[in-house]
There are 2 protein chains.
Amino acid sequence: MTPIFKIDHTNCGDCPIRHRAVCAHCDANELEELEGIKYYRSFEAGQTIIWSGDQMNFVGSVVSGIASLTQTMEDGRTQMVGLLLPSDFVGRPGRDSAPYDVQATTDLVMCCFRKKPFEELMSSTPHIAHRLLQMTLDELDAAREWMLVLGRKTAREKIASLLSIIARRDASIHQKGNSGPIVFDLPLTREAMADYLGLTLETVSRQISALKKDEVILLEGKRHVTIPDMGRLMEEAGDDTDGGFLV
Amino acid sequence: MTPIFKIDHTNCGDCPIRHRAVCAHCDANELEELEGIKYYRSFEAGQTIIWSGDQMNFVGSVVSGIASLTQTMEDGRTQMVGLLLPSDFVGRPGRDSAPYDVQATTDLVMCCFRKKPFEELMSSTPHIAHRLLQMTLDELDAAREWMLVLGRKTAREKIASLLSIIARRDASIHQKGNSGPIVFDLPLTREAMADYLGLTLETVSRQISALKKDEVILLEGKRHVTIPDMGRLMEEAGDDTDGGFLV
DNA sequence: ATTTCCACTTGATCTCGGTCAAAGCATCTG
DNA sequence: CAGATGCTTTGACCGAGATCAAGTGGAAAT
C-alpha cells in the first residue's frame with residue numbers, strides 16, 4: 001500500500017524529529033555518540049513491534065508513522081493505552097520486559113538503540129535524561145486527559161475528543177494558521193478507535209455517522225475528514241471552547 | 001476528627017518516606033541541601049491543596065495521608081486521575097500552573113519545596129532528576145493500568161480492581177506475608193470511589209453490597225474490609241491470578 | 001432525647017451503548 | 001469477470017449502569 005521507506009540518515013542533523021525526540025537537547029558531541037549506536041528499523045502497518053511480556057533489548061523513537069500501545073485481558077478485551085506519534089519514545093530504561101503490546105498502526109520507521117549502551121549513555125549525558133523526563137511528564141498528562149475521556153464522556157464526546165486530538169496534532173505538524181477548516185486522514189480503523197475510546201466498533205461507526213449528519217464533520221470516503229468549525233467540534237467534545245493547550 | 005500531626009523533622013534521616021520519595025537516591029550532601037529548603041504543611045481531610053489553573057509555587061512529597069488529583073468538566077462531571085500515597089510527588093518542575101485539582105482525601109502532611117530552588121537543585125543533582133524520572137514512569141504505568149479499568153471493565157470488576165490495589169498497597173506497607181486474609185480500612189468515600197472508577201456512587205454501593213453477599217469481601221461498618229482470599233478478588237477484578245507485579 | 005447531618009443503601013425506571021445479525025462497498029485474486 | 005476478503009454501515013433488541021427517589025443508620029449538635 002505505502003512504499004517502504006528507504007531511510008539511511010547517517011547524520012542526525014537531517015532527522016525530521018531531531019528537535020522533538022529524546023535527543024532534542026543533545027549537543028553536537030552527544031549527538032555523535034548517539035549516532036554511533038543508533039540503527040533504523042521499518043515495520044509494516046499491522047505488524048506487532050513488541051509483544052507484552054517480551055524481553056525488551058532495545059529502546060527507540062518513532063521517526064515516521066503511528067504506533068499504538070495496547071493492553072489485553074485474558075478474555076480478549078483490549079484497551080489502547082497510548083498512541084505513539086513521530087518523536088515519541090518507545091521502551092523504558094531500567095526495565096527488561098515489555099508491559100504492553102506495541103503495534104504499528106501505519107507503516108512505521110523507528111530509530112533504535114540497544115538498551116544497554118543507551119542506558120550507559122543516559123547516565124553520562126543529563127540532557128537525554130532530562131528530555132526523557134519532560135516527555136514522560138507530557139505523556140502522563142496525556143494519559144490523565146484520556147482517563148477523563150474514558151471515565152466520564154459519552155460516546156459522541158469520545159469520538160469528538162479523538163477527532164479534535166488528531167486535528168490538533170495535524171495542525172501542529174503542518175503549522176497552519178488556526179482558523180478555517182482543518183482537513184486530515186484518519187490514521188486509525190474504526191476498530192482501533194473503539195479500542196482507544198473504550199467503545200465497540202459499531203458505536204464508533206454510528207457516532208461518526210451522527211456527527212456527519214449534524215455537519216460537525218464532513219466525510220469523503222471513510223477516512224478523509226474535514227472539520228469546518230474547530231470550536232464546534234471542541235464543544236461536542238465537552239472541552240472548553242477557548243481551550244488553547246499545547247501538546 | 002483526627003488529631004493534627006505535629007511533625008518537626010529537622011533531619012531527613014528519620015523521615016518515613018526517605019527511601020521511596022523523590023529524595024530516595026540522594027547522598028548525605030544532597031540531602032543536606034534539600035533539608036535547607038524544605039518545609040512541612042498539613043491539610044485536613046477534604047481540603048483542597050491546589051486548584052486547577054492556580055499558580056504552582058511549590059512542589060513536594062506526600063509524607064502521610066492520601067491526596068487525589070481530579071479533573072472536572074464544565075458541567076460538573078469529575079474524574080479522579082491520580083491517587084497520591086505517601087512518598088508520591090506533587091507538582092511538575094518546569095510548569096507554572098496546575099492542571100488538576102489536588103485534594104486531601106484524608107488528613108495529610110506534605111514535605112514541600114519552593115519550586116524555584118527545587119528546580120535549581122534538580123539541575124545540579126542528577127540523583128533527584130533520576131529518581132523523579134523513575135517515579136514518573138511508574139505513575140505512567142499506573143495511569144495506563146487505570147485506562148484499562150476505565151475503558152473495559154464492568155462495574156463489579158472496577159470495584160474489585162480498586163479493592164485489590166488498596167489491599168496490595170496496604171500489604172506492601174505493612175510487610176505482611178502474602179497469604180492469609182488481608183484487612184484494611186477504605187480511605188475513600190463511596191463518592192470518591194465513584195469518581196475514581198467512572199461510576200455513580202449508587203453503583204459503587206450496589207457492587208460493594210454484591211461482593212459482600214458473594215463473600216468476596218467481608219464488611220464491618222462501611223469502611224472496614226477483610227479480604228479472605230486475595231486470589232478470588234483478583235479473579236473478580238479480571239486480573240491474572242498469578243499476577244505478581246510490584247508498585 | 002431529639003434533631004440534624006452526612007455517608008450510605010435500596011428500589012423503580014429509563015437509556016445509552018453493547019450484542020447479534022445482515023448487508024454494503026472497496027480492493028485484491030485467480 | 002466472479003469470488004473472496006477486510007473494513008464499514010445499519011438495524012433490531014437487550015441489559016448494565018445511570019437517574020430519580022426514598023429510606024437507613026450512626027455520629028455530632030442542641
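A note on names: the letters A, B, ... follow the listed sequences, proteins ahead of strands, and every chain is numbered from 1. These numbers come from a predicted model, not from an experiment.
- Between A/R144 and B/E139 there is a salt bridge, since a side-chain N of the basic residue sits under 4.0 Å from a carboxylate O of the acidic one.
- With hydrogens and angles ignored, the 3.5 Å screen pairs a side-chain donor or acceptor of B/T106 with a backbone N or O of B/I66.
- Near DNA chain D, meaning a heavy atom under 4.0 Å from it, residues 149-165 of chain B has B/T154, B/A155 in order of number.
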Quiz: residues 209-221 of chain A side-chain donor-acceptor pairs under 3.5 angstrom, not counting sequence neighbours:
{"unit_1": "A/S209", "atom_1": "OG", "unit_2": "A/S205", "atom_2": "O", "d": "3.1"}
{"unit_1": "A/D214", "atom_1": "OD2", "unit_2": "A/R156", "atom_2": "NH2", "d": "2.3"}

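- You can see that DNA chain D meets the heavy atoms of chain A within a 4.0 Å-exclusive cut from D/dT8 to D/dA12, reading 5' to 3'.
- In this structure a side-chain-to-backbone donor-acceptor pair under 3.5 Å is missing from A/W146 to A/L197.
- By the side chain to side chain donor-acceptor pair (under 3.5 Å) test, A/K153 pairs with A/S161, A/D239, sequence neighbours left out.
- At least one side-chain heavy atom of B/D101 sits less than 4.5 Å from a side-chain heavy atom of B/T72.
- Protein atom CG of A/L197 is 16 Å distant from nucleotide atom C1' of C/dC16, rounded to whole Å.
- Sequence neighbours left out, the pairs with a member in residues 188-205 of chain B that pass salt bridge (charged side-chain N to carboxylate O under 4.0 Å, His left out) are A/R152-B/D195.
- A salt bridge does not link B/D138 with A/R95: every distance from a Lys NZ or Arg NE/NH1/NH2 to an Asp or Glu carboxylate oxygen is 4.0 Å or more.
- If you check every strand for non-hydrogen atoms under 4.0 Å, A/G46 touches nothing.
- Both tests hold for A/R41 against A/F58: distance to the six-membered ring centre under 6.0 Å, angle to the ring axis within 45°.
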Could you encode protein contacts along nucleotides 8-14 of chain C as a string, one character per nucleotide from 5' to 3', using B for base contact, S for sugar-phosphate-only contact and - for no contact, with a heavy-atom cut-off of under 4.0 Å? SBBBB--

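- The distance between atom CG of A/L199 and atom C1' of C/dT19, rounded to the nearest whole Å, is 14 Å.
- Salt bridge present: B/E157 and A/R77 bring a charged side-chain N and a carboxylate O closer than 4.0 Å.
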